[in-house]
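Here is the naming used below: chain letters follow the sequence lines, and residue numbers restart at 1 for every chain. Values in this document were obtained by computation on a predicted structure and should not be read as measured data.
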Amino acid sequence: MNESKDFLRLIVEEDLNSGKYKEVVTRFPPEPNGFPHIGHAKSIALNFGIARDYKGHCNLRMDDTDPSKEDTKYVQALKDAVEWLGFDWGENVYYTSDYFSKLYVYAQELIKMGKAYVDSLSEEEIREYRGTVTQPGKRSRYAQRSVEENLELFEKMKQGEFKDGEHILRAKIDMSAANMKMRDPLLYRIRHVKHFRAGDEWSIYPMYDFAHCLSDYIEGVTHSICTLEFENNRDVYNWVLDTLKLKPPRPYQHEFARLGINYTVMSKRKLLELVEGGYVSGWDDPRLPSIAGYKRRGYTPESILNFCDQIGVAKANSTVDISQLEFCIRDDLNTKVPRVLCVLDPLKVSIVNYEGSEEIEASYYPHDVPKEGSRKVLFSKEIYIERDDFNEEPPSGYFRLTPTQDVRLRHGYIITCKEVVKDTNGNIIEIKAEYYPDSKSGSDTSGRKVKSAIQWVSAKKAKEIEVRLYDRLYKNEAPESIEDLNPNSLHVIQNALIESAVIDEKPDVRFQFERQGYFYADPVDYSDEKPVFNKIVSLKDSWSKKKKPQSRQNKAQAKKVQIDGEVTPMSEAEQALFDRYTTKLHLNSEVANTLARDINLSAFYSQALSVINSPVALANIVSNEVARELKGREISELKFSATQIAKLVKIIDDGTISNKIAKQVFEQMSKTGKDPMWIVEQKGLIQISDPSVIVPVIEDVIAKNPDNVAKFRAGNRKLLGFFVGQVLKSTGGKANPQIVNKLVIESLEK
RNA sequence: UGGGGUAUCGCCAAGCGGUAAGGCAUUGGUUUUUGGUACCAAUAUUCGGGGGUUCGAAUCCCUCUACCCCAUCCA
C-alpha cells in the first residue's frame with residue numbers, strides 16, 4: 001500500500017510533535033443540500049482517516065447555514081454515506097445551526113470592536129462597490145454608522161423587522177484588498193425562511209465565511225481541511241478568528257484538490273440535473289458516482305476506501321482514470337465472492353450422444369481463492385452456452401468452440417461441434433454436439449487438450465433472470481453537458497439464464513459470473529419471481545483488447561510548443577546598474593539581472609561589497625540565498641547583516657569552509673543572526689581538504705557498496721553523486737566536495 | 001489585467017541538494033479447467049520551457065509558459 005504520507009498528514013504530525021495541539025480534531029462538514037458522491041468519500045476518508053491514524057476524532061457537521069437549499073433528507077443521505085464507509089461520528093452529529101446563538105454573540109462582538117457594520121446598500125450596489133479583480137472596490141456610505149446604531153440595526157434584523165435584502169452585516173476589512181474575499185465580506189443576511197432544524201426562530205442567517213471558522217473553533221477543530229476553491233477564503237477565516245482574539249488553540253485551514261474522475265461528472269449542479277431531468281433513475285442510479293449509486297451498483301465500501309487511499313491527496317487539480325476505481329472493486333471482490341455460471345445471450349446446444357442427467361459438484365471458488373463452498377450443477381442433454389463462445393469462422397487466436405475446435409464446459413465435459421443448425425435467415429439457432437464421456441472435469445482420462453473452458457447452464461434447471469449491464473454514463477472523457485451522455489450506458493437483458501443454485505440457495509448477494517464480471521443482486525428490484533442482477537464491473541478482458549487495440553493517441557507528438565513571453569524591460573536605473581555589474585564587476589548577466597531588478601537586493605549587495613571586494617562570490621550568494629530570505633520582506637526584517645554576509649564570503653574565499661557548508665552556515669545565520677565564523681567554530685564545520693583523511697573514508701564507502709561500484713564501473717556515471725554524497729555524509733558534510741569528487745573518481749577507476 | 005494556487009510517465013502520485021518510489025493503464029512471459037487471479041519482467045538519461053548558483057539541481061535563485069480558483073446576500 002501507499003507508504004508515503006500525504007502533505008496533510010505531514011502537517012498534522014508536525015503540529016502534534018511541536019505541541020501545537022495535544023490531540024487532532026478534524027471534521028467532515030458537508031452542506032445538506034445534495035447527495036454525497038465519491039468526492040465526498042475522499043473527504044470522509046481523509047478527515048476520518050486522519051483522526052483515526054493520529055488517535056484524535058472527527059466530527060460530522062452539517063453546514064446548514066442556507067435554509068433555502070437545505071433539507072433533512074440530505075442529512076440522512078450524508079449520515080448513511082459516512083456509516084456505509086465504516087466511520088463513526090461518535091455521540092452526535094453536529095450542526096452549524098446549533099451555534100446560531102453563539103455566532104450571533106460573536107457578530108455583536110465584532111460590531112463592538114468596530115470591525116463589522118450593517119450595510120444597507122442594495123444587492124446590485126454591493127456588487128458594484130466590490131470592484132473587479134483588477135480594480136479596487138469602494139466602501140459603502142453606511143460603513144461609518146456608530147457601534148450603537150449597528151448593534152441596534154443588527155438586533156432588529158434578528159427580530160425580523162426588515163425585509164429580505166434590506167440590510168446586511170459585513171466585516172470591515174479592506175475594500176481595496178487584492179484578495180476579493182477580503183473586500184468587506186458579508187457576514188449575515190436576512191432571510192425569512194423556515195430552517196429545517198431551527199424553524200422560524202431566526203430571520204437572519206450567518207454566511208459561510210463567518211460561520212465555518214467559528215464552528216470549527218467552537219468544536220475545538222485543529223485542522224480544518226477543505227478543497228482548493230476555498231484558498232481565497234482562508235484569509236477571511238484567519239481574520240475572523242484573529243480579530244475576535246479567541247482563546248487559543250484555534251483551528252487552521254488547509255486545502256487539497258477535489259476528486260475528478262473521467263467519463264463522469266462530480267458537481268452537485270450537474271448531478272442534480274441528471275436526476276431531476278430524468279436522465280437517470282434517481283440518486284441511487286448505479287451509473288451515478290453518488291455513494292448511493294455505488295452502493296446500489298454493488299461496490300463495497302472497502303473498494304471505495306481503497307480507491308481513496310490509492311489516489312492520494314495533493315494540491316494539483318487532477319482527473320483520476322476510472323480504471324483505477326474498477327481495479328479496486330475487482331481486487332476486492334476477487335477474493336470474496338462465489339463464482340457461478342450465467343449465460344447472458346443463450347445459444348442452445350444439444351449433446352446428441354448424452355442421455356439422462358447428472359449432478360456435478362462444482363466449487364464456488366477457484367483454486368487460488370482460499371474459501372470453501374460448492375454447489376451442484378445439473379448436466380443433461382440440452383444446455384445453453386454464450387452465443388459469443390461459438391464461432392463458425394473464428395478469427396485467429398480464438399480459443400472457444402468452433403466446428404473444428406473442442407471446448408470444455410466449465411466443471412463438466414469436453415464437447416465437440418457436430419452440426420450447426422440455422423434458420424432460414426442463416427442465423428445460428430442451435431449447435432448439435434457430442435461429449436467425450438471420459439473427459440469429465442476432475443476425472444478426465446481422455447488426454448484431450450482444449451484451449452478454454454466456457455460457462456453453460458442446463459436447459460432443464462436454469463433460471464431466467466434480468467441482468468442490467470452498465471457502461472460509463474458519458475461518452476466523453478471530460479463531459480460537459482447532457483449532450484455528452486452515452487446513449488448506451490444501460491443495457492437490460494430480460495432473459496439471461498443462470499444456474500439454479502444462485503436463486504435457490506442464495507449463497508451470497510455478489511457473484512462473479514465466470515468469464516464475465518462481478519454482479520450484484522439488486523437490493524430494490526430483486527424478487528424470487530424476477531431476480532435482477534446489476535453488473536458491478538467486467539472482468540479484465542485481454543481477448544477483446546487484442547481484437548481491437550485501442551487507438552493510442554500520439555500524445556508524444558502533440559508536445560506543446562513553448563511560447564516565450566516578453567520580459568518586462570528594465571528601467572533606466574536598473575539598466576545602468578546592470579551594465580555596471582556586467583562590465584565593471586564581471587558578474588554574469590543572469591546574476592546581474594536578478595540583482596539589478598530588485599532594489600532590495602542591489603542595496604544589500606552594495607552594502608556587502610563595501611566590506612569585502614569579492615564581487616562575483618558575493619553576487620552569487622546575494623542573488624540566490626539572500627534573495628530567498630528577502631522574498632516578500634524588507635532588509636530590516638532580516639536577522640543577518642550585509643557585513644555578516646561579507647564575512648561569510650570571506651571564509652568561503654579563503655577555503656575555510658566549502659560552498660556546501662556555507663549553505664548550512666547561512667541557514668543558521670538567517671535563523672539566529674550569529675556571526676558566520678562563530679557558527680563555524682561552534683559546530684566545528686571547518687572543511688577537510690587533506691586527502692589522507694578523505695581517502696580512507698572513500699575506501700570505506702567503496703567497500704560497503706560493492707553493487708554500486710560495479711554499476712558505476714559498468715558505466716552508470718550517475719552514481720558519482722551517490723558516492724560523493726556518502727563520503728560527505730560520513731564526514732558530517734565537512735569534506736571538501738571538490739576534492740572528494742576528484743578522489744572518488746580516482747578510487748573507482750583504478 | 002490584480003490576487004491566490006498548480007505543473008514529475010497515458011492517469012494518479014512520492015520526492016524537501018547526493019542512484020527519479022509506488023499504484024493504475026499498457027506490453028511481453030510463467031502458472032491456470034475463468035482469455036480472470038497470482039507471479040516475473042519491460043516501461044521517465046529526465047521532472048512545463050529557458051537561464052543561473054553548486055563538485056552535484058526535480059529540489060535553491062531568476063525568468064517565461066500553461067492550467068485552475070476569486071467580482072452569489074451559495075458553500
Side-chain angles (χ1 to χ4, degrees), chain A residues 1-4 31 33 63 65-66 69 123 126-127 130-135 137 164-165 168 177-181 183 186 188-191 207-208 212 228-234 255 257 262 310-312 314-321 323-324 327 330 334-335 339 366-369 399 408 410-411 441 444 450-455 512 514-515 539-544 546 552-553 555 560 562-567 588-591 593-594 597 620-621 623-625 627-628 658-660 663 708 711 716 718-726 728-729 736-742:
Chain A
M1 215 184 281
N2 214 347
E3 292 285 326
S4 49
E31 183 189 11
N33 70 343
D63 206 1
T65 57
D66 185 357
K69 290 183 184 162
E123 210 173 323
I126 285 179
R127 219 190 324 270
R130 190 145 37 209
T132 69
V133 285
T134 47
Q135 292 161 315
D164 284 12
I168 194 145
N179 176 0
M180 296 209 55
K181 296 272 150 136
R183 320 249 255 229
L186 277 33
Y188 266 93
R189 76 286 223 191
I190 299 171
R191 210 153 260 190
M207 306 283 291
Y208 168 85
H212 203 94
L228 251 27
E229 65 270 28
F230 292 97
E231 271 169 333
N232 294 314
N233 298 259
R234 189 175 56 228
E255 311 86 16
N262 56 9
Q310 284 187 11
I311 56 172
K315 293 191 77 161
N317 279 315
S318 58
T319 306
V320 177
D321 200 308
S323 66
Q324 186 100 27
F327 168 83
R330 281 192 204 106
N334 176 41
T335 54
R339 319 290 143 123
H367 62 96
D368 50 2
V369 173
F399 289 172
R408 174 176 296 279
R410 177 103 239 246
H411 302 299
S441 188
D444 184 351
V450 288
K451 290 218 173 73
S452 91
I454 62 172
Q455 70 271 28
Q512 185 195 109
E514 288 208 32
R515 304 211 305 133
L539 250 31
K540 262 179 80 171
D541 184 358
S542 49
W543 166 242
S544 67
K546 211 167 267 178
R552 289 233 125 268
Q553 308 119 305
K555 274 213 174 162
K560 283 194 205 96
Q562 274 280 343
I563 303 155
D564 279 340
E566 234 155 86
V567 182
N588 80 42
S589 64
E590 197 61 32
V591 170
N593 187 49
T594 305
R597 280 172 183 275
N620 284 343
I621 233 172
S623 72
N624 285 283
E625 315 307 309
R628 178 173 58 247
S658 64
N659 268 301
K660 188 185 179 74
K663 301 231 170 178
N708 283 337
K711 278 191 213 162
N716 188 348
K718 278 187 292 190
L719 254 21
L720 182 60
F722 165 75
F723 287 110
V724 175
Q726 290 295 309
L728 250 36
K729 202 172 165 189
N736 179 331
Q738 265 153 299
I739 292 173
V740 171
N741 218 43
K742 207 176 107 230

**Q** What is the separation between atom CD on A/Glu625 and atom P on B/C60, rounded to the nearest whole Å?
**A**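 Between P of B/C60 and CD of A/Glu625: 11 Å.
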**Q** Between the base of B/G52 and the side chain of A/Asn624, is one N or O donor paired with an acceptor at under 3.5 angstrom?
**A**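 Donor-acceptor pair under 3.5 Å: yes.
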**Q** So if I define the base as every atom that isn't primed, P, OP1 or OP2, how would nucleotides 39-47 of chain B read as a B/S/- string at a heavy-atom cutoff under 4.0 Å?
**A** -------B-
**Q** Of the options A/Arg515, A/Arg410, A/Glu514, which is the one that meets A/Gln455 in a side-chain hydrogen bond (donor to acceptor under 3.5 Å, both in side chains)?
**A**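 Passing option: A/Arg515.
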**Q** Check the distance between B/C60's P and A/Glu590's CD and give it to me in whole angstrom.
**A**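 That distance rounds to 17 Å.
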**Q** Measure NZ/A/Lys315 against C1'/B/G5 and give the value in whole Å, please.
**A**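 After rounding, the gap between these two atoms is 6 Å.
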**Q** Nearest 0.5 Å please: distance from the CG atom of A/Asn708 over to the CG atom of A/Asn716.
**A**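 If we round to the nearest 0.5 Å, A/Asn708:CG and A/Asn716:CG are 8.0 Å apart.
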**Q** Assuming nearest nucleotide by heavy-atom distance, tell me which of A/Asn659 and A/Val724 is located more 5' along RNA chain B.
**A**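 First, find each residue's nearest nucleotide; the 5'-ward one identifies A/Val724.
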**Q** For B/A57, what is the paired nucleotide under Watson-Crick or G-U wobble rules, both distances under 3.5 Å?
**A**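 Across any shown strand, B/A57 pairs with none.
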**Q** Between B/G17 and B/G10, how far apart are the C1' atoms? Round to whole Å, please.
**A**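 The answer is 31 Å between these two C1' atoms.
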**Q** Find out whether A/Arg597 and A/Val567 are in side-chain contact, i.e. whether some heavy atom of one side chain is under 4.5 Å from a heavy atom of the other.
**A**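 A/Arg597 vs A/Val567: side chains touch.
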**Q** Say you draw a straight line from CG of A/Asn262 to OG1 of A/Thr319; how long is it, rounded to the nearest 0.5 Å?
**A**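 One gets 7.0 Å once the value is rounded to the nearest 0.5 Å.
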**Q** Just to verify, what does A/Arg130 make a side chain to side chain donor-acceptor pair (under 3.5 Å) with, not counting sequence neighbours?
**A**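 A/Arg130 satisfies side chain to side chain donor-acceptor pair (under 3.5 Å) with no other residue.
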**Q** Enter syn or anti for the glycosidic conformation of B/U6, syn applying to angles within 90° of 0.
**A**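 Nucleotide B/U6 adopts anti.
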**Q** Contact between A/His212 and A/Asn233 at the side-chain level, heavy atoms closer than 4.5 Å - yes or no?
**A**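 No, every pair of side-chain atoms sits at 4.5 Å or beyond.
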**Q** If we check side-chain contact (heavy atoms from CB on, under 4.5 Å) with A/Tyr208, which of these qualifies: A/Asp63, A/Asp66, A/Leu186?
**A**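 Single pass found, and it is A/Asp63.
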**Q** Once you round it to whole Å, what is the distance between P of B/G51 and CG of A/Asp564?
**A**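 It is 10 Å, rounded to the nearest whole Å.
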**Q** For B/G49, does either OP1 or OP2 sit under 4.0 Å from a side-chain N or O belonging to A/Gln562?
**A**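 Checking B/G49 against A/Gln562, no side-chain N or O comes under 4.0 Å of OP1 or OP2.
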**Q** Out of B/A14, B/C64, B/G18, which nucleotide sits closest to the side chain of A/Val567?
**A**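 From the listed options, B/C64 comes nearest.
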**Q** Reading nucleotides 32-38 of chain B 5' to 3', which nucleotides get B (base under 4.0 Å from a protein heavy atom), which S (sugar-phosphate only), which -?
**A** SBBBBB-
**Q** Applying side-chain contact (heavy atoms from CB on, under 4.5 Å), can you list everything that pairs with A/Thr132, at least two apart in sequence or on another chain?
**A**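 Partners of A/Thr132 under the side-chain contact (heavy atoms from CB on, under 4.5 Å) test: A/Thr134, A/Gln135.
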**Q** In Watson-Crick or G-U wobble terms, both distances under 3.5 Å, what is the partner of B/A71?
**A**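 Pair assignment: B/A71 / none.
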**Q** For atom C1', what is the distance between B/U6 and B/U31, given to the nearest Å?
**A**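 About 45 Å, rounded to a whole number of Å.
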**Q** When rounded to the nearest Å, what value does the distance between C1' atoms of B/U43 and B/A20 take?
**A**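 It works out to 14 Å between them.
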**Q** Under a 3.5 Å cut-off for both contacts, is B/U6 paired Watson-Crick or G-U wobble with anything, and if yes, with which nucleotide?
**A**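 The answer is B/A66, by the H-bond criterion.
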**Q** Which residues pass the side-chain contact (heavy atoms from CB on, under 4.5 Å) test with A/Lys451, sequence neighbours left out?
**A**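 Result, side-chain contact (heavy atoms from CB on, under 4.5 Å) vs A/Lys451: A/Phe399, A/Gln405.
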**Q** Check every strand shown and say whether A/Thr319 touches a base, only sugar-phosphate, or nothing at a heavy-atom separation below 4.0 Å.
**A**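 If one applies the 4.0 Å heavy-atom cut-off, A/Thr319 turns out to touch the sugar-phosphate alone, with no base involved.
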**Q** Can you tell me the base-pairing partner of B/A41? Count Watson-Crick or G-U wobble geometry only, both distances below 3.5 Å, and say none if there is no partner.
**A**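 Looking at the geometry, B/A41 pairs with B/U27.
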**Q** Between B/U54 atom P and A/Leu728 atom CG, what is the distance in whole Å?
**A**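 Atom CG in A/Leu728 sits about 16 Å away from atom P in B/U54.
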**Q** Taking atom C1' in both B/G49 and B/C55, compute the distance separating them and give it to the nearest angstrom.
**A**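 Between the two C1' atoms, the distance is 26 Å.
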**Q** Under a 3.5 Å limit for both distances, which nucleotide forms a Watson-Crick or G-U wobble pair with B/G17, could you say?
**A**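 Paired with B/G17, as far as the under-3.5 Å criterion goes, is no nucleotide at all.
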**Q** Using whole Å, what does the distance between atom C1' of nucleotide B/U53 and atom NZ of A/Lys660 come to?
**A**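 In whole Å, B/U53 C1' and A/Lys660 NZ are 14 Å from each other.
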**Q** For A/Ser323 and A/Asn588, take the nucleotide of RNA chain B holding the closest heavy atom to each; which residue's nucleotide lies nearer the 5' end?
**A**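 The residue closer to the strand's 5' end, by nearest nucleotide, is A/Ser323.
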**Q** Please report the shortest heavy-atom distance between A/Ser623 and A/Val591, naming the atom on each side.
**A**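 The pair with the smallest heavy-atom distance is OG-CG1, 3.6 Å.
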**Q** Whole angstrom is fine here: how far is it from CD in A/Gln738 over to C1' in B/U53?
**A**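 Atom CD in A/Gln738 sits about 13 Å away from atom C1' in B/U53.
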**Q** Taking atom P in both B/G23 and B/A38, what distance in whole Å separates the two?
**A**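 Looking at atom P only, B/G23 and B/A38 are 12 Å apart.
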**Q** Check this for me: does any side-chain nitrogen of one of A/Arg234 and A/Glu231 sit under 4.0 Å from a carboxylate oxygen of the other?
**A**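 No.
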**Q** How far does the P atom of B/U8 sit from the matching atom of B/A42, given to the nearest Å?
**A**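 Taking atom P in both B/U8 and B/A42, they lie 25 Å apart.
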**Q** Taking atom P in both B/G18 and B/C60, compute the distance separating them and give it to the nearest angstrom.
**A**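 My reading of the P atoms in B/G18 and B/C60 gives 12 Å.
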**Q** Atom CG of A/Asn593 and atom C1' of B/C64: how far apart are they, to the nearest Å?
**A**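 Taking CG of A/Asn593 and C1' of B/C64, I get 12 Å after rounding.
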**Q** Distance check, C1' atoms only: B/U46 and B/U59, in whole angstrom units.
**A**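 My reading of the C1' atoms in B/U46 and B/U59 gives 14 Å.
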**Q** Is there a donor and acceptor pair, one atom on the side chain of A/Gln310 and one on the base of B/G22, closer than 3.5 Å?
**A**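 Answer is no: no donor-acceptor pair is held.
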**Q** Look up atom CD in A/Gln512 and atom CZ in A/Arg330, then write down how far apart they are to the nearest 0.5 Å.
**A**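 If I round to the nearest 0.5 Å, the distance is 10.5 Å.
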**Q** Between the base of B/U19 and the side chain of A/Asn708, is one N or O donor paired with an acceptor at under 3.5 angstrom?
**A**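 When only heavy-atom distances are counted, A/Asn708 does reach the base of B/U19 through a donor-acceptor pair under 3.5 Å.
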**Q** Taking A/Asp321 for its side chain and A/Gln324 for its backbone only, find out whether a donor-acceptor pair lies under 3.5 Å.
**A**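 Checked: no pair found.
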**Q** Nearest 0.5 angstrom please: A/Met180 CE to A/Arg183 CZ, how far?
**A**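 The distance works out to 4.0 Å.
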**Q** Once each nucleotide of nucleotides 68-75 of chain B is scored for protein heavy atoms under 4.0 Å, what B/S/- sequence comes out, 5' to 3'?
**A** SBBBSBSB
